[in-house]
Amino acid sequence: MVTAKEIIEHMESLRNDVQRNILMGFFKTAPGEYGYGDEFLGLKVPQTREVVKAAGLDFPLEEVPVLLMNRWHEVRLCGFLILVEKFEKLATKRLENDAEAIKKRDKIVTMYLQYAEQANNWDLVDLSVHKILGHWLLLPSCLGDRDYKIKVLDELAASPCLWKQRMSIVCSWKTSQQGDPSWCLRYAEIHLHHPHDLMHKAVGWMLREMGKRVSMNLLRDFLSQHVHEMPRTMLRYAIEKMPERERQEWMKVDVRS
């Protein structure tokens, strides 16, 4: 499979209507739900990963937008995972400061941001953003310095698109893994009053990961400052790795419903 057309044809040949119906329910595609209008072939993620593996690292970058603009959820996922594979190959320790690798990484990030709205469900965001955008935050870039990167994430956070908003916080999964809590704390605070349950879960999840990877005391400090204004779902996700007795104490605090 060396073209997007061949990938699409192959993935369409794997269509599974039973699994398709399950996925459409799981990803909330009914009218009024967050995934309304999304269309599925019925492929499981390991199947899509096999397609990515078969496409290989030599798959042309200019072909990826054809996948990202496709009607099928799994084909778009394939496109985003190809970008992940390409980015990670260029982000090894050996290539972190390589001038050519930096240019290629920036090109991938630019494409990712250009087609960000095509990641129109939580799995498309969660399987890609920390490995591309999150990793980019920690690496040299010709696009701009830390202030520029903050500007990029602030624009995502301020977007009316739920999935771009989710990107701005979930990308901190990678930065927290690498010991930098600043991105998580900034965007957790920005999204503290977000109305959507999917963002409550995402923020709580990222706070939990920050506490686990960087400092539980830093997480406790954030909670002490903000617990009374946090949605309960956000709080519950954030404290999952704390001792049982401490979790019970936090859950007794009067917070948003």
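Computed from heavy atoms alone, side chains included, the values below leave out hydrogens, waters and symmetry copies. None of the values given here were measured: they were computed from a predicted structure.
- Between L41 and N16 the shortest side-chain heavy-atom distance does not fall below 4.5 Å.
- In this structure, V84 and L127 approach most closely via the heavy-atom pair CG2-O, 4.0 Å.
- No hydrogens or angles considered: a donor-acceptor pair under 3.5 Å links the side chains of E12 and W72.
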task: Please test Q165 against L162 for side chain to side chain contact (heavy atoms under 4.5 Å, CB included), starting from the C-alpha separation and ending with a verdict.
output: CA-CA 5 Å; Q165 295 165 8; L162 173 64; 4.0 Å; yes

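- Considering CG of L198 and NZ of K28, their distance stands at 9.5 Å, rounded to 0.5 Å.
- A distance-only check finds a donor-acceptor pair linking the side chain of R76 to the backbone of N70 [under 3.5 Å].
- Under a 3.5 Å cut-off, the side chain of R105 and the backbone N or O of L90 do form a donor-acceptor pair.
- Under the 4.5 Å side-chain contact rule for hydrophobic residues, I150 and I190 share a cluster.
- Residues L219 and I239 are not in side-chain contact: their nearest non-hydrogen atoms beyond the backbone lie 4.5 Å or more apart.
- The NZ atom of K131 lies 5.0 Å from the CD atom of E88; values are rounded to the nearest 0.5 Å.
- Between the side chains of N217 and S215, no donor-acceptor pair is found at a separation under 3.5 Å.
- The closest donor-acceptor contact from the side chain of K164 to the backbone of A116 lies at 3.5 Å or more, if one exists at all.
- Scanning all heavy atoms of the two residues, the minimum distance from M242 to M216 falls at CG-CE, 3.4 Å.
- Under 4.0 Å is where a charged nitrogen must lie from a carboxylate oxygen, and between R15 and D17 at least one such pair does.
- Looking only at atom types and distance, the side chain of N120 has no donor-acceptor partner in the side chain of H73 under 3.5 Å away.
- Summarising the geometry of L192 relative to P231, their closest heavy-atom pair is O-CD, 3.5 Å, with the distance given to 0.1 Å.
- Y34 and N121 form no side-chain donor-acceptor contact under 3.5 Å, judged by distance and modelled atom types alone.
- Residue pairs satisfying the ring-ring contact (aromatic ring centres under 6.0 Å, His included) criterion with at least one member in residues 94-119, sequence neighbours excluded, are listed as follows: F80-Y112.
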query: Can E249 and R245 be said to form a salt bridge (charged side-chain N to carboxylate O under 4.0 Å, His left out), step by step?
result: CA-CA 6 Å; E249 289 303 313; R245 178 173 292 183; over 6 Å; no

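- A salt bridge links E246 to R220: at least one charged side-chain nitrogen sits closer than 4.0 Å to a carboxylate oxygen.
- Within 6.0 Å of atom CG in D58, 12 or fewer heavy atoms from other residues, nucleotides or ligands are found, so the atom counts as exposed in its surroundings.
- Open room surrounds NZ on K104; 12 or fewer heavy atoms of other groups in view lie less than 6.0 Å from it.
- Without hydrogens or angle criteria, Q19 side chain to L43 main chain gives no donor-acceptor distance under 3.5 Å.
- Put simply, the side chain of E117 never gets that close to the backbone of C161: no donor and acceptor are under 3.5 Å apart.
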- request: Carefully, step by step, assess L207 and Y237 under the rule side chain to side chain contact (heavy atoms under 4.5 Å, CB included).
  value: CA-CA 8 Å; L207 285 170; Y237 272 61; over 6 Å; no

task: Starting from the C-alpha separation in whole Å, work towards a yes-or-no answer on side chain to side chain contact (heavy atoms under 4.5 Å, CB included) for V170 and W205.
output: CA-CA 9 Å; V170 176; W205 169 30; 4.3 Å; yes

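- Remark: D197 engages K201 in a salt bridge, criterion side-chain N to carboxylate O under 4.0 Å.
- Salt-bridge annotation for E50 and K53: absent, with no side-chain N of the basic residue lying under 4.0 Å from a carboxylate O of the acidic one.
- When side chains are defined from C-beta on, M111 counts as touching P65, because their heavy atoms get closer than 4.5 Å.
- With hydrophobic clusters built from ILVMFWY side chains whose heavy atoms lie under 4.5 angstrom apart, I132 does not share a cluster with I102.
- Cluster annotation: L138 and L143 are assigned to distinct hydrophobic clusters (Ile/Leu/Val/Met/Phe/Trp/Tyr, side-chain heavy-atom contacts under 4.5 Å, transitive).
- At least one side-chain heavy atom of L68 sits under 4.5 Å from a side-chain heavy atom of L83.
- Side-chain N or O atoms of T3 include one that pairs as donor or acceptor with a backbone N or O of E6 at under 3.5 Å.
- Between the side chains of R208 and S176, no donor-acceptor pair is found at a separation under 3.5 Å.
- Here the side chains of L61 and K86 are in contact, with some heavy-atom distance below 4.5 Å.
- Counting only distance, with no hydrogens or angles, the side chain of E39 and the backbone of R71 share no donor-acceptor pair below 3.5 Å.
- Side-chain N/O atoms of D38 and T29 include no donor and acceptor closer than 3.5 Å.
- Under the 4.5 Å side-chain heavy-atom criterion for grouping Ile, Leu, Val, Met, Phe, Trp and Tyr, L57 is not connected to F59 through any hydrophobic cluster.
- The two residues S141 and W136 make their nearest non-hydrogen contact at OG-NE1, 3.1 Å.
- Between K89 and E85, no side-chain nitrogen of the basic residue sits less than 4.0 Å from a carboxylate oxygen of the acidic one, so the salt-bridge criterion is not met.
- For the atom pair CG (D147) and NZ (K149), the distance works out to 11.0 Å, reported to the nearest 0.5 Å.
- Ring-plane geometry between W122 and F26 is classed as perpendicular, the angle between the planes exceeding 60 degrees on a 0 to 90 degree scale with a lower cut at 30.
- Judged purely by atom type and a 3.5 angstrom limit, Q47 uses its side chain to pair as donor or acceptor with the backbone of K44.
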task: For salt bridge (charged side-chain N to carboxylate O under 4.0 Å, His left out), just list the numbers for R236 and E240, CA-CA rounded to whole Å, side-chain angles, deciding distance to a tenth of an Å, and then say yes or no.
output: CA-CA 6 Å; R236 189 172 66 249; E240 278 184 347; over 6 Å; no

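- Between the R232 side chain and the M251 main chain, a donor and an acceptor come within less than 3.5 Å of each other.
- Summarising the geometry of L137 relative to C171, their closest heavy-atom pair is CD1-SG, 3.9 Å, with the distance given to 0.1 Å.
- Rounded to the nearest 0.5 angstrom, S172 OG and R213 CZ are separated by 12.0 Å.
- C78 has its side chain within reach of I7: a pair of non-hydrogen atoms, C-beta onward, lies under 4.5 Å apart.
- E74 places a side-chain heavy atom less than 4.5 Å from the side chain of M11.
- A donor-acceptor pair is defined here as one N or O able to donate and one able to accept, closer than 3.5 Å; such a pair exists between the side chain of H228 and the backbone of D254.
- For the residue pair W173 and D126, no side-chain donor N or O sits within less than 3.5 Å of a side-chain acceptor on the partner.
- The aromatic rings of H194 and H191 stand perpendicular to each other, their planes meeting at an angle above 60°, with 30° marking the opposite boundary.
- Atom-to-atom distance recorded for L113:CG and L133:CG is 5.5 Å, nearest 0.5 angstrom.
- The minimum heavy-atom distance between M167 and A119, with the atom names listed, is CE-CB, 3.7 Å.
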- request: Please lay out, stage by stage, how S128 and F87 fare under the test side chain to side chain contact (heavy atoms under 4.5 Å, CB included).
  value: CA-CA 10 Å; S128 64; F87 190 93; over 6 Å; no

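- There is a path of hydrophobic side-chain contacts, each under 4.5 Å, that joins V109 to Y148.
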